Amino acid sequence: MESRYNPADIEAKWQRTWEETGLARTPDKSAKPKFYALSMFPYPSGNLHMGHVRVYTIADVIGRLKRMQGYRVLNPMGWDAFGLPAENAAIERGIHPAKWTYQNIAQMKGQLQKLGIAFDWEREVTTCAPDYYKWTQWIFLQFFQAGLAYQKEAAVNWDPIDQTVLANEQVDNEGRSWRSGAIVERKLLKQWFLKITDYAEQLLNDLDKLTGWPERVKLMQANWIGKSTGAYLEFPIVGLEDKIGVFTTRPDTVCGVTYVVLAPEHPLTPKVTTPERKAAVEAFIAEIASQSETDRTAEDKPKRGIPTGGVAINPFTGEEIPIWIADYVLYEYGTGAVMGVPAHDVRDFKFAKENQLPVKVVIAPSGEDGSKTLEAAYTEPGIMVNSGQFNGIPSESGKMAVITEAEKQGGGKARVQYRLRDWLISRQRYWGAPIPMIHCPSCGTVPVPEADLPVRLPEDVEFSGRGASPLAKLDNWVQVPCPSCGEPARRETDTMDTFIDSSWYFLRYTDAKNESQPFDKAVVNDWMPVDQYVGGIEHAILHLLYSRFFTKVLRDRGLLNCDEPFQRLLTQGMVQAMTYKNPVTGKYIPPAKVNPSNPKDPDTGEDLEVFYEKMSKSKYNGIDPLEVLAKYGADTARMFILFKAPPEKDLEWDDADVEGQYRFLNRVWRLASEFTGQLPTKSINLDKLTKAEKDLRRATHTAIKEITADLEGEYQFNTAISELMKLSNALADTSSKQSPVYAEGIKTLILLLAPFAPHVAEELWQNLGGTGSVHEQSWPEFDPDALVLDEITLVIQVMGKTRGTIQVPADADKAALEKFARESEIAQRYLGDAEIKKVIVVPGKLVNFVVGK
RNA sequence: GCUCCUGUGGCGAAAUUGGCAUACGCGGCAGACUUAAAAUCUGUUUUUUUGCGGGUUCAAAUCCCGCCAGGAGUACCA
């Protein structure tokens, strides 16, 4: 056996061997239980970064563990390959998006393979390949047939740099594009939408089924869906037939309405405006329209609005109330109009104070009559007052009473409102799946027949980076006969949001080569749902919500059976590295130019701020995985990443800790190299073990127990590895290296190490004469008898304070424990002749004496 | 503003879920080996204490209340 641990040699060798023997290939259906381990597939940028290393390592450990535990495992990999960067490369460097993308894929695949992840590459999925996007288009047609895909003229988010429309979700809260960072403009265009709002209630309710998801992700989705329960109420307008419909969550406060506010864009705005207010209202609307989203939503911005001159009637009190328009009322939400109840809504209170509108109290805390002047809005529940027939009703039940009355009068009803909007999927871009529709002057919008799929992206395209989509400029591609009437028609030139591609890729993996359908129903039902999904928290809302939506729609189309695609979700933290920043100039300084023990700016001499941040080029703190692999090997990189922090927490890169893991693998290597015995094939004779042997055997079986537990439930790779270290330490320190117990320990250590550091484990396994691959062995099981101690350490406390410990027989009962404790020298010393009022005995742990004062 | 999470040695982190706080690793220090260094090995180090203040309990990092600090999500959602 080679005496030195040389990762470079053994890693390449085993990666080749595993490839040849098909270790990672997904087994055929059998009696074995299935396990679908999935990591979020990458965008093929061309370069692997540490974030990738972390996700795929986590999923790989889980996959390898499950294989050893007797599951047939599916652990696939693919490419989220459509998207803007490829098109930008085409514009900037004149390289075709397809060529650029496939080059990147080849490069990244090579890098990924060096990590030693057991991916089944035979199921590789590439979303920009026609044999994939054919089915993306087919699924779009399913949505269309279900009435879930429709076109709408809409004010959309227009990115002036990328020259495209963005989904609401792709605009950050400063009104900037998630990709280009440009301030987004509003523009009217006819767009394709998917009706995700039809599934809002299910998407919300089924969050309860996701017991294996982090609470905070479920919470973020629930907030995003934003369900509110309330009422739709109508306010008649003086002098008009029209009524103003509002949505409110507080119908119980309706008698306190002192004004109504419309969104400036509301169609009723011009109708209710009186001639003398017309000029002012139009000026106000123009001013709002010219404001960017940023200004309109700026923090602590005062609410601005003006009266229209129009008057509405509160149907519950008969009072005449003014109609205003204001910038804080959003046209897109609810009905685009709100009722103003200054006394019981914080915003309305502020708005009323600023604009001298009356405040009318209609809810009072119990015991009060509502005559007190309010300093702030009273938003708590209370008793209805000044509300005519509703006086005296508690506000919570008053909500229903008001709704019932509104229904009786025909002026309202209960209503549930969601914040979630329909999903805008049109992109005026080339590098995406073409929307398979044809616009015919006589037949209207007609789907491309299934037999004609895929609608291929034409290859001969010019990329200028300006104006309309490159597809719209290709006359010979755009012009087609109408599939329905045969007359000249035009193709839809928009492509689909790439989030569509990633909303069903996990289904395609189950049957990746199917040429006649996106996936076979029996096959997809066999593998789905995904048992463990691993990915970044940045996808907590969009990708995960869209995938859930797709799964439900495809289920309703009869294509699969599951309600939820991802049984368990692990959101791994970022990989951060140390950055140096000059707090005066705000500039980042490359670590190579800084003395770590006394960080100063090399140019100005100023003291630098030192902290951990997500790795990025602009901060000069990126660590190239390939360099780490070259220096230490994949096993060390994996061990470091798994050990340094729990998987969901951010991880701080530290070269010294990487060295530490390298040292550990070297120690394991040495232990195994110096072992001259045989790996045991049958169980050990337990009759006459020495104390040292018993201790070692306990260490071995404790490791099995703890590591197995750490990999079930919550994944705690960091503590699992610390248990490996303990076992390794116990083996190194033992005096019974000739014992079969030692051989069992060595064998167990290698088996337990296998999911974490697969190459070293395999090499050591083979060197010690193990049969077959270490990764095909059964995961070890612990012997409970091995864990039993003859003696335990009993803690002796007085008044809850630990005063010392004694050794006692492990099988002593409560009474015996108390006796040992009372007679102990420690108790004698600390108790003296104090009166013992009570003795608490926790078997196996402690005895606590409660004494009188 | 609202919602949620986190706070433990010099550092990353553990703690069977109420029962010896700091496992495991990093770093530091000392020693062995060496002409010397690296590598390796051995030993040692974090000292009434789990952000702060109260409470419950025989017993609190863990449960409850109130603060403080840091982070995340969301943002006029009626």
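In this text the structure is predicted, and so the values were computed from the model without any measurement. Just so it is clear: chains get the letters A, B, ... in the order the sequence lines come, proteins before strands, and each one is counted from 1.
- For Asn718(A), taking side-chain heavy atoms from C-beta onward, the closest of the listed nucleotides A14(B), A59(B), A75(B) is A14(B).
- When the P atom of U17(B) is taken as reference, atom NZ of Lys845(A) falls 8 Å away, rounded to whole Å.
- Stem regions for RNA chain B, each three or more consecutive Watson-Crick or G-U pairs with both distances under 3.5 Å and listed by first number, read B:1-7 with B:68-74, B:10-12 with B:24-26, B:27-32 with B:40-45, B:51-55 with B:63-67.
- For Leu219(A), whose side chain is taken as the heavy atoms from C-beta onward, the closest listed nucleotide among C4(B), G27(B), G25(B) is C4(B).
- Remark: the Tyr662(A) side chain and the Asp657(A) side chain contain no N/O donor-acceptor pair separated by less than 3.5 Å.
- Taking 4.0 Å as the cut-off between side-chain N and carboxylate O, Glu613(A) and Lys581(A) do not count as a salt-bridged pair.
- Proximity note for Gln716(A) (side chain, C-beta onward) versus G25(B), A15(B), G12(B): the nearest is A15(B).
- Proximity note for Thr719(A) (side chain, C-beta onward) versus A14(B), C4(B), C20(B): the nearest is A14(B).
- Between C76(B), C58(B), G25(B), one nucleotide has an atom nearer to the side chain of Met725(A) than all others, and that is G25(B).
- Using atom P as the reference point in both U49(B) and A21(B), the two lie 13 Å apart (nearest Å).
- Remark: the separation of the P atoms in A14(B) and G43(B) is 26 Å, to the nearest Å.
- Take the nearest nucleotide of RNA chain B for Gly660(A) and for Ile840(A): the residue whose nucleotide is more 5' is Gly660(A).
- For Ile541(A), counting side-chain heavy atoms from C-beta on, the closest listed nucleotide (G73(B), A14(B), A23(B)) is G73(B).
- With G12(B), G25(B), A78(B) as the candidates, the nucleotide lying closest to the side chain of Glu652(A) is G12(B).
- Here the P atom of nucleotide C26(B) and the CZ atom of Arg667(A) are 7 Å apart, to the nearest Å.
- Within the 6.0 Å centre-distance limit, the rings of Phe640(A) and Trp653(A) are counted as a close aromatic pair.
- By the 30° and 60° cut-offs, the orientation of the rings of Tyr259(A) relative to Phe351(A) is tilted.
- Rounded to whole angstrom, the span from the CH2 atom of Trp324(A) across to the C1' atom of C76(B) amounts to 17 Å.
- More than 12 heavy atoms of other shown residues, nucleotides or ligands fall within 6.0 angstrom of atom NZ in Lys218(A).
- Residue Asn729(A) is classed as a sugar-phosphate contact, given heavy-atom separations below 4.0 Å to backbone atoms only.
- Nearest-nucleotide positions on RNA chain B place Asp650(A) closer to the 5' end than the other of Asp650(A) and Lys801(A).
- Put simply, NZ on Lys649(A) is 13 Å from P on C11(B), counting in whole angstrom units.
- Gln417(A) and Tyr333(A) share no side-chain donor-acceptor pair at under 3.5 Å.
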Derivation and outcome, side chain to side chain contact (heavy atoms under 4.5 Å, CB included), residues Leu544(A) and Gln221(A): CA-CA 9 Å; Leu544(A) 292 170; Gln221(A) 293 216 350; 3.5 Å; yes
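- Within 6.0 Å of NZ in Lys705(A) there are 12 or fewer heavy atoms belonging to other residues, nucleotides or ligands.
- The base of C26(B) is not paired with the side chain of Asp657(A) by any donor and acceptor separated by under 3.5 Å.
- Between Asn666(A) atom CG and G25(B) atom P there is a gap of 15 Å when expressed in whole angstrom units.
- For the P atom pair drawn from G66(B) and C4(B), the interatomic distance equals 13 Å after rounding to whole Å.
- Counted by atom type alone, Thr197(A) and Asp422(A) present one or more donor-acceptor pairs between their side chains at under 3.5 Å.
- Of all nucleotides listed (G73(B), G19(B), U74(B)), G73(B) comes nearest to the side chain of Met220(A).
- Side-chain proximity of Asp654(A) to the nucleotides U16(B), C58(B), C26(B) is greatest for C26(B).
- Taking atom C1' on both nucleotides, C67(B) is separated from C29(B) by 40 Å, rounded to a whole Å.
- Checked against A23(B), A14(B), G27(B), the side chain of Pro646(A) finds its nearest nucleotide in A14(B).
- An OP1 or OP2 oxygen of A75(B) is reached within less than 4.0 angstrom by no side-chain nitrogen or oxygen of Arg347(A).
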